[in-house]
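So the structure is just underneath, and the comments pick up after that.
Numbered from 1 within each chain, the chains take letters A, B, ... in sequence-line order.
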Amino acid sequence: KAGVTQTPRYLIKTRGQQVTLSCSPISGHRSVSWYQQTPGQGLQFLFEYFSETQRNKGNFPGRFSGRQFSNSRSEMNVSTLELGDSALYLCASSLLADSYNEQFFGPGTRLTVL
Amino acid sequence: AQTVTQSQPEMSVQEAETVTLSCTYDTSESDYYLFWYKQPPSRQMILVIRQEAYKQQNATENRFSVNFQKAAKSFSLKISDSQLGDAAMYFCAYRNEANQAGTALIFGKGTTLSVSS
């Protein structure tokens, strides 16, 4: 079974631009979560989606948004990019939106904002 | 709000030796899950071991075991017979029992483990 895939793997943008990152969960998984990883702040939770509904959102500004499609694929969008948005963005999928099921992580998208 | 603290930014161990990584957490919940994740240089986050808070028995996965002290809110990871492939950053993580607020993982800052031959 294929793992979680994230595209693109690397991205370079300039301040003020917007960016869309994509995540395809493991087949059959219906829950997708997004995390931001930076050297300073570590791993921080962004969003959680289940069956196209956002169940939970982390403490990030409104420039960060996301959505989930009917096939469980998810996208996250960051508008008006800032230098501090440079980070590794990790997507994780799980079978259901419960704490028991393991979250499987993708390889991440490395975003650099210049 | 729940927090996870890893007080050791870096640790080192020699091959075949044993090392223990520390983690403490803070929560007012009684039902929750604790995890150790490994992140090698490839950045692929891999689950090492998990512990359900309602279970008194410490979890074990091959060379990896935990010491879960619920009253002390402590969750350490012991790696026995360390191997070069164990070199990575290790994250301790907490997750509430599912509720309306979702099931987000709360991570510690991580411990970088180096293994020497």
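Looking only at side-chain heavy atoms (C-beta outward), A:Leu88 and B:Gln39 come within less than 4.5 Å of each other.
Within 6.0 Å of CG on A:Asn71 lie more than 12 heavy atoms contributed by other residues, nucleotides or ligands. Within a 6.0 Å sphere centred on CZ of B:Arg63, other residues, nucleotides and ligands contribute more than 12 heavy atoms. A:Lys13 NZ: more than 12 foreign heavy atoms inside a 6.0 Å radius.
Residue B:Arg43 holds its CZ atom at 5.5 Å from CD of A:Gln37, rounded to the nearest 0.5 Å. In this structure, the separation between CG on B:Leu47 and CZ on A:Phe104 is 8.0 Å, given to the nearest 0.5 Å.
Neither the backbone nor the side chain of A:Leu46 comes within contact range of chain B, judged by heavy atoms closer than 4.5 Å. Contacts of B:Tyr32 with chain A are absent, with no heavy-atom separation under 4.5 Å from either backbone or side chain.
Contacts classified as salt bridge (Lys or Arg N to Asp or Glu O under 4.0 Å) and involving residues 79-90 of chain A (residues at least two apart or in different chains) are given here: A:Arg63-A:Glu82, A:Arg63-A:Asp85. Residue pairs meeting the disulfide bond (SG atoms under 2.5 Å apart) criterion with at least one member in residues 21-90 of chain B, sequence neighbours excluded: B:Cys23-B:Cys92.
Taking every heavy atom of both residues into account, A:Phe105 and B:Gln44 meet most closely at O-NE2, 2.5 Å. Taking each heavy atom of A:Tyr35 and B:Leu105 in turn, the nearest pair found is OH-N, 3.0 Å.
Annotation: residues 107-114 of chain A contacts chain B through A:Pro107, A:Arg110 [non-hydrogen atoms, separation under 4.5 Å].
B:Lys109 contributes a side-chain N or O that, together with a main-chain N or O of A:Gln41, makes up a donor-acceptor pair within less than 3.5 Å.
Each of A:Tyr10 and A:Tyr89 belongs to its own hydrophobic cluster when Ile, Leu, Val, Met, Phe, Trp and Tyr are linked at side-chain heavy-atom distances under 4.5 angstrom. Put simply, B:Tyr33 and B:Phe68 are part of two different groups of oily side chains (I, L, V, M, F, W, Y) that touch within less than 4.5 Å, one to the next. Cluster membership for B:Tyr37 and B:Val19, using ILVMFWY side-chain heavy atoms within less than 4.5 angstrom, is not shared. Cluster membership check: B:Phe64 shares its hydrophobic cluster with B:Leu21, using side-chain heavy-atom separations under 4.5 Å among Ile, Leu, Val, Met, Phe, Trp and Tyr.
For B:Asp81, the salt bridge (charged side-chain N to carboxylate O under 4.0 Å, His left out) test picks out no residue, with sequence neighbours left out.
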